[in-house]
Amino acid sequence: MVETVLRRLSTAVAVLGGAVVLAVIAMSLVSLLGRKLWSAPIPGDIEILEMAIAVAVASFMPLCELRDNHIRVDLIGGLLPAWVNRVLLLSSHLLLALVAALLIWRTGLLTLDSHEYGSTSTMLAVPLWIPQMLMLPGLALLCACALYQAARSLTGKSLQVPS
């Protein structure tokens, strides 16, 4: 049950992140063509790109964690007993959950401060609390997925998530 909910949420959030990436790719292409052909780029295209990619990255991380597709260096993993590898895996998932929780906390505080002080982007004056707030669901889901993976590591069962 938990696995199904996390898988569906992670997939949906990643698809939304993918849509954001496709949109900024299209915007960048239009801006580039406008710049080269008519000397008329989209104003603030780099600002939009930076904010959108930050949101997209936060949205991709939960599915990556749920599928256990993070980069891992197994130089000595094959030489260690299975229980040691399980402890290392558990530790890595717990550490990721801790880092995600720290990111949620700090990004949440940053969002509140940006809203309170009216912080905006330089060129377009986009309120910065909006993209910061949009990162929070992905980070919260990342934390939940990391905790779930840690629990799975305790039992020694591998998660069966279809590709």
Side-chain angles (χ1 to χ4, degrees), residues 1-32 41-73 85-155 157-159 161:
M1 176 67 182
V2 173
E3 179 180 329
T4 303
V5 170
L6 286 176
R7 183 176 59 241
R8 287 183 180 166
L9 281 173
S10 296
T11 302
V13 169
V15 167
L16 289 173
V20 167
V21 169
L22 290 175
V24 295
I25 287 171
M27 180 213 53
S28 294
L29 180 61
V30 169
S31 185
L32 179 68
I42 295 175
D45 59 340
I46 299 301
E47 277 186 0
I48 296 168
L49 177 76
E50 290 170 345
M51 290 183 274
I53 292 300
V55 172
V57 166
S59 69
F60 295 144
M61 290 190 294
L63 188 59
C64 185
E65 168 61 8
L66 194 60
R67 290 185 174 182
D68 202 21
N69 285 338
H70 291 291
I71 295 173
R72 206 175 323 177
V73 180
N85 281 320
R86 197 165 53 244
V87 168
L88 290 173
L89 193 57
L90 170 66
S91 301
S92 68
H93 291 303
L94 287 175
L95 185 59
L96 180 59
L98 179 66
V99 168
L102 181 65
L103 286 171
I104 293 164
W105 172 51
R106 295 306 302 168
T107 303
L109 290 178
L110 179 64
T111 302
L112 292 173
D113 283 348
S114 294
H115 187 269
E116 182 179 337
Y117 294 113
S119 300
T120 60
S121 64
T122 306
M123 191 165 183
L124 297 177
V126 173
L128 292 179
W129 67 268
I130 295 172
Q132 293 163 354
M133 179 191 63
L134 292 174
M135 292 172 65
L136 290 172
L139 294 172
L141 190 54
L142 172 63
C143 187
C145 289
L147 289 172
Y148 181 72
Q149 286 289 64
R152 297 288 296 197
S153 297
L154 275 176
T155 63
K157 298 177 185 174
S158 62
L159 181 61
V161 179

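All values derive from a computational prediction rather than experimental measurement.
In this structure, the separation between CG on Asp68 and SG on Cys145 is 11.5 Å, given to the nearest 0.5 Å. Interatomic distance, CG of Leu147 versus CG of Leu94, reported as 7.0 Å (0.5 Å rounding). Here the OG1 atom belonging to Thr4 is positioned 11.0 Å from the CG atom belonging to Leu9, to the nearest 0.5 angstrom. Residue Ile104 holds its CD1 atom at 12.0 Å from CG of Leu109, rounded to the nearest 0.5 Å. Distance check: Glu3 CD to Arg8 CZ gives 11.0 Å after rounding to the nearest 0.5 Å. The line from CG of Leu134 to CH2 of Trp129 is 8.5 Å long, rounded to the nearest 0.5 Å.
Between Pro43 and Leu124, the closest heavy-atom pair is O-CD2, 3.6 Å. Taking every heavy atom of both residues into account, Leu90 and Ala150 meet most closely at CD1-O, 3.2 Å. Of all heavy-atom pairs between Cys143 and Ala97, the closest is SG-O, 3.6 Å. Residues Glu65 and Leu96 approach most closely at OE1-CD2, 3.2 Å, considering heavy atoms. Across every non-hydrogen atom of Arg86 and Leu154, the tightest pair is NE-O, 4.2 Å. Scanning both residues, Pro131 and Met51, for their nearest heavy atoms gives CG-SD, 3.5 Å.
For Glu50, the side-chain contact (heavy atoms from CB on, under 4.5 Å) test picks out Ile46, with sequence neighbours left out. For Ser121, the side chain to side chain donor-acceptor pair (under 3.5 Å) partners are Glu47, not counting sequence neighbours. Partners of Leu22 according to the side-chain contact (heavy atoms from CB on, under 4.5 Å) rule, which considers only residues two or more places apart in sequence or in another chain, do not exist here.
The shortest side-chain heavy-atom distance between Val57 and Met135 does not fall under the 4.5 Å cut-off. Side-chain atoms of Leu63 and Asn69, non-hydrogen and from C-beta on, never get closer than 4.5 Å to each other. Contact check for Leu102 versus Arg106: side-chain heavy atoms found under the 4.5 Å cut-off. Counting heavy atoms from C-beta outward, Leu16 and Ser59 have side chains that stay 4.5 Å or more apart. A 4.5 Å side-chain heavy-atom check between Asp45 and Val24 finds every atom pair outside the cut-off. Two residues are said to be in side-chain contact when any heavy atoms from C-beta on lie closer than 4.5 Å; Leu139 and Met61 meet this criterion. Between His93 and Arg152 the shortest side-chain heavy-atom distance does not fall below 4.5 Å. No side-chain heavy atom of Pro137 sits under 4.5 Å from any side-chain heavy atom of Val13.
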Checklist entry - When you look at Leu29 and Ile25, which way does the side-chain contact (heavy atoms from CB on, under 4.5 Å) test go after all the steps? => result CA-CA 6 Å; Leu29 180 61; Ile25 287 171; 5.5 Å; no

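Of the possible donor and acceptor atoms, none in the side chain of Ser10 sits under 3.5 Å from a partner among the backbone N and O of Arg7. Between the side chain of Ser31 and the backbone N or O of Ile42 there is at least one donor-acceptor pair closer than 3.5 Å. Distance alone, capped at 3.5 Å, is enough to place a donor-acceptor pair between the Ser92 side chain and the Leu89 backbone.
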